[in-house]
Amino acid sequence: MTASNHSSQAPLFVVFNRASGHGDRDEVGPAVETACAAVGRRCVLLPIESPGRLAEIAGEAVRRARDEGGIVVAAGGDGTINGVAQAVLGSGCAFGVLPRGTFNYFARTHGIPADLDGALRVLLHERPMPAQVGLVNDRVFLVNASLGLYPQLLEDRESWKQQFGRSRLVALGAGIATLLRGHRSLRLTIEQHGQPRHVRTPTLFVGNNALQMEQVGLPESRAIDGGALAGVMLKRVGRGMLLWLLACGALGKLGEADQVENFPFRRLTVRGRAFGARRIKVATDGEVMWMRLPLRFEVAADTLPLIRPPGLAEERREAQAAGGATDSAPASSPRSAQVADRRADQQSGAPTGTTAEDAQDSMERGR
């Protein structure tokens with residue numbers, strides 16, 4: 001079954017993480033079975049018993065969905081959804097989401113409710129619509145990808161969660177602690193439209209989630225709606241200014257800060273300037289890993305056929321109203337991608353930076 005042949009009676013193959021942010025070890029399976037039984041829909045539950053089996057279970061779900069004309073469903077946080085989306089992309093299968101994480105940005109930007117009953121109603125009664133996918137070295141990211149300070153923040157946040165539990169307050173505390181501890185600058189060469197630029201920055205952040213951009217006050221949400229990715233870089237700043245920028249983001253005013261540079265693009269190549277640098281830490285949708293340089297960020301040629309409500313999500317309408325945005329669109333299309341290409345061509349985008357070399361960088365040198 002392809003997404004265009006989506007049937008209201010297609011069976012569901014549900015990949016779910018027993019250790020999601022809600023801690024609902026026994027809730028997802030019974031809720032899915034009850035909802036499917038009520039509408040005469042078949043479902044197959046595929047639990048992830050350990051994180052190392054995510055790719056295996058997701059691959060099984062895709063194979064069975066293709067064989068039986070079914071839909072692949074990911075139940076979990078953004079990391080679990082990312083892992084299942086990696087298997088679904090390009091398979092022709094429709095994709096459903098039951099958000100069970102802490103932030104759930106992918107589901108929220110597409111109007112999928114955070115409560116399980118509401119998400120199940122969407123899954124069982126709505127139809128697939130195209131959702132844009134970002135890639136870094138062919139690895140999927142649905143929300144964001146980053147290097148430098150942000151991956152370190154995510155690692156520290158995970159450590160705090162293990163000690164104090166999963167909540168947004170814990171995440172905020174971990175972020176403040178990371179910024180106070182100090183950071184290393186990255187020395188990078190960024191190439192966009194064939195033009196290399198040398199930059200020095202604490203972090204490079206690539207966004208693929210319009211809601212996240214809107215909530216922190218960055219204007220590139222419109223570029224994401226138009227089929228592009230949003231690049232965000234910080235100028236070299238001290239700890240006090242980093243805390244100030246954190247506060248600006250929390251207040252939805254990050255785009256007004258002079259220390260932040262943002263730019264839209266569809267393809268971007270990042271190389272390390274340190275001699276012998278071969279790998280660098282990269283975070284994709286909250287999961288941190290080492291990747292080989294150079295990094296190639298791009299919009300995927302395929303979209304995800306995501307089962308979601310039509311139109312712009314209510315939370316995005318509220319974020320736009322708060323920020324004064326007026327012209328965002330709910331989904332990507334071939335035409336919007338062409339518009340994004342033209343917009344990126346008109347904006348050189350890749351910001352310049354200082355060339356000072358007096359700080360360590362965070363890249364691992366090849367052995």
Q: Which atoms form the tightest heavy-atom contact between R316 and S221, and what is the distance?
A: NH2-CB, 4.4 Å
Q: Check T284 against F141 and note the closest heavy-atom contact, atom names and distance.
A: CB-CB, 4.2 Å
Q: Walk me through whether L218 and V260 qualify under side chain to side chain contact (heavy atoms under 4.5 Å, CB included).
A: CA-CA 9 Å; L218 290 171; V260 178; 4.2 Å; yes
Q: Sub-3.5 Å donor-acceptor pair from the side chain of Q215 to the main-chain atoms of A319, do we have one?
A: no
Q: Can you check whether R296's main-chain N or O pairs, donor with acceptor, with T269's side chain at less than 3.5 Å?
A: no
Q: Give, for atom CG of L188 and atom CZ of R197, the distance between the pair rounded to the nearest 0.5 Å.
A: 14.5 Å
Q: Got L116 and R100 here, is their nearest side-chain heavy-atom distance under 4.5 Å?
A: yes
Q: Rounded to the nearest 0.5 Å, how far does CD1 of I112 lie from CD1 of I81?
A: 7.5 Å
Q: For residues V288 and V282, determine if any side-chain heavy atom of one lies less than 4.5 Å from a side-chain heavy atom of the other.
A: no
Q: Considering non-hydrogen atoms only, spot the tightest contact between D225 and A210 and give its length.
A: OD1-CB, 4.0 Å
Q: Looking at Y105, is its backbone amide N or carbonyl O close enough to the side chain of T109 to form a donor-acceptor pair, meaning the two atoms are under 3.5 Å apart?
A: no
Q: For a quick test of reading the model, state the closest non-hydrogen atom pair linking C93 to V72 and the distance between them.
A: CB-CG2, 4.2 Å
Q: Are any non-hydrogen side-chain atoms of L120 and V32 less than 4.5 angstrom apart?
A: yes
Q: Is there side-chain contact between E220 and V232, with at least one heavy-atom pair below 4.5 Å?
A: no
Q: For D285 and L142, indicate whether the former's side chain and the latter's backbone hold a donor-acceptor pair under 3.5 Å.
A: yes
Q: State, yes or no, whether a side-chain contact exists between V39 and H125 at a heavy-atom distance under 4.5 Å.
A: yes
Q: Quick one, Q9 and R41 - any side-chain contact, counting heavy atoms below 4.5 Å?
A: yes
Q: Any chance you could measure H193, atom NE2, to L268, atom CG, to the nearest 0.5 Å?
A: 9.0 Å
Q: I would like to know whether V97 and H110 meet side chain to side chain contact (heavy atoms under 4.5 Å, CB included); could you show each step before the answer?
A: CA-CA 10 Å; V97 168; H110 293 294; over 6 Å; no
Q: Can you say whether the rings of F106 and F95 are parallel (under 30°), tilted (30 to 60°) or perpendicular (over 60°)?
A: tilted
Q: Given 3.5 Å as the limit, does a donor-acceptor pair link the side chain of R278 with the main chain of R292, or not?
A: no
Q: Return the CZ to CG distance between F16 and L98, rounded to the nearest 0.5 Å.
A: 10.5 Å
Q: Shortest non-hydrogen contact from G111 to P309?
A: O-CG, 3.3 Å
Q: Is there a side chain to side chain contact (heavy atoms under 4.5 Å, CB included) between V199 and E261? Walk through the geometry before answering.
A: CA-CA 12 Å; V199 300; E261 302 185 52; over 6 Å; no
Q: Is it the case that the side chains of N144 and Q212 hold a donor-acceptor pair, with the cut-off being a distance below 3.5 Å and no angle test?
A: yes
Q: Before you tell me yes or no, could you show the steps for N262 and M213 under side chain to side chain contact (heavy atoms under 4.5 Å, CB included), namely the whole-Å CA-CA distance, both residues' side-chain angles and the distance that decides it to 0.1 Å?
A: CA-CA 11 Å; N262 52 83; M213 297 294 101; over 6 Å; no
Q: How many angstroms lie between atom CG of L204 and atom CG of L149, to the nearest 0.5 angstrom?
A: 12.0 Å
Q: Can you give me the closest heavy-atom contact between G272 and L293, atom names plus distance?
A: N-CD1, 4.0 Å
Q: Determine yes or no for a side-chain-to-main-chain donor-acceptor pair under 3.5 angstrom, with N17 supplying the side chain and T80 the backbone.
A: no
Q: Any side-chain to backbone donor/acceptor pair from T203 onto L147? Under 3.5 Å, distance only.
A: yes
Q: Indicate yes or no for a side-chain donor-acceptor contact from E214 to the backbone of Q320 under 3.5 Å, with no hydrogens or angles considered.
A: no
Q: Atom CG of residue position D138 - does it have more than 12 heavy atoms of other residues, nucleotides or ligands inside 6.0 Å?
A: no
Q: Can you tell me how far the CG atom of N137 sits from the CD atom of E298, to the nearest 0.5 Å?
A: 9.0 Å
Q: Compare all side-chain heavy atoms of V206 with those of V136 and state whether any distance is below 4.5 angstrom.
A: no
Q: Considering only heavy atoms from C-beta outward, does the side chain of N82 approach that of R139 to under 4.5 Å?
A: yes
